[in-house]
Amino acid sequence: VYLRFGSADYAASVFLNGKPVGRHVGAFTPFAFDVTELLRPGSNQITLGVDSARTDKDVPPPVTDWETYGGITRSIRLVTVPETFVDDAFVRLGKDGRIAVSAHLLGPQAAGTPIRLAIPALGATLAGRTDADGNWTASLAAPRTLQRWSPDSPKLY
């Protein structure tokens with residue numbers, strides 16, 4: 001179970017049931033913490049401290065062309081995932097004209113797990129198994145029917 005924050009501006013310290021969960025620095029970026037071990041049945045208490053003070057080392061710095069607001073700026077959710085789940089996946093068209101995919105699974109069954117990419121609109125599929133660390137990378141030639149995205153023809157797959 002992950003405690004996911006849509007955004008907090010600027011430095012956030014998170015506690016669950018009085019125990020520290022983690023810290024995040026950066027505005028307008030989502031972040032999450034695994035809270036599986038800290039959750040208890042029934043009610044739970046989330047405590048969040050947000051410091052909006054900025055320094056010259058922060059991005060963006062204190063002097064910008066917009067007003068900097070502090071505090072919780074987007075929603076907070078509990079996200080429940082299966083014991084083994086897709087932690088990250090990235091599909092892209094490479095400069096070599098091939099569709100490249102990379103994925104990372106987390107959990108006790110992440111190693112050696114069958115994994116499959118399907119792009120139905122292109123009739124393209126690619127299958128394999130994750131490595132010992134739960135990673136999978138592969139590529140395939142881009143089908144001739146692939147239409148590159150453009151403002152005049154915004155094709156999404």
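Scope of the values below: all heavy atoms of this structure, side chains included, with no hydrogens, waters or symmetry mates.
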Exceeds 12 heavy-atom contacts within 6.0 angstrom, atom CZ of Arg148: no
Gap separating the CD atom of Glu83 from the CG atom of Leu106, nearest 0.5 angstrom: 12.0 Å
Pairwise side-chain contact, Ile99 with Leu122, heavy-atom cut-off 4.5 Å (strictly under): yes
Backbone N/O of Asp9 and side chain of Ser52: donor-acceptor pair under 3.5 Å: no
Heavy-atom pair of closest approach, residues Thr125 and Arg116: CG2-NH2, 3.5 Å
Closest contact, heavy atoms only, Arg77 versus Val79: NH2-CG2, 3.6 Å
Shortest non-hydrogen separation from Ala142 to Leu93 and the atoms involved: CB-CD1, 3.9 Å
N/O donor-acceptor pair under 3.5 Å between Thr84 side chain and Gln109 backbone: yes
Interatomic spacing from CH2 in Trp136 to CD1 in Ile115 - rounded to 0.5 Å: 5.5 Å
Exam field: side chain Ser7 to backbone Pro30, donor-acceptor pair closer than 3.5 Å: no
Spatial distance of atom CZ (Phe28) from atom CZ (Arg74) [nearest 0.5 Å]: 6.5 Å
Minimal non-hydrogen separation, Ser139 against Ala100, with atom names: CB-CA, 4.1 Å
Check against side-chain contact (heavy atoms from CB on, under 4.5 Å), Val25 and Tyr10: CA-CA 6 Å; Val25 176; Tyr10 186 74; 3.5 Å; yes
Verdict with supporting geometry, Gln45 and Phe15, side-chain contact (heavy atoms from CB on, under 4.5 Å): CA-CA 8 Å; Gln45 175 69 45; Phe15 300 83; over 6 Å; no
For Phe5, the rest of its hydrophobic cluster, which grows through side-chain links under 4.5 angstrom: Val1, Leu3, Val14, Leu16, Val21, Phe31, Phe33, Val35, Leu38, Leu39, Ile46, Leu48, Val50, Ile72, Ile76, Leu78
Val86 with Val81, same ILVMFWY side-chain cluster at under 4.5 Å: no
Nearest atoms (heavy-atom pairs only) where Arg23 meets Ala11: NH2-CB, 3.7 Å
Under 3.5 Å donor-acceptor, Asp34 side chain and Thr36 backbone: yes
Distance (rounded to the nearest 0.5 Å) between Tyr2 OH and Thr80 OG1: 11.5 Å
Pairwise distance CG(Leu140) to CZ(Arg98) - rounded to 0.5 angstrom: 6.5 Å
Test log, rule side-chain hydrogen bond (donor to acceptor under 3.5 Å, both in side chains), inputs Ser150 and Asp152: CA-CA 5 Å; Ser150 76; Asp152 296 328; 5.0 Å; no
Shortest non-hydrogen separation from Ala8 to Ala12 and the atoms involved: CB-CB, 4.1 Å
Nearest-0.5 Å distance that lies between atom CG in Asp131 and atom NE2 in His104: 9.0 Å
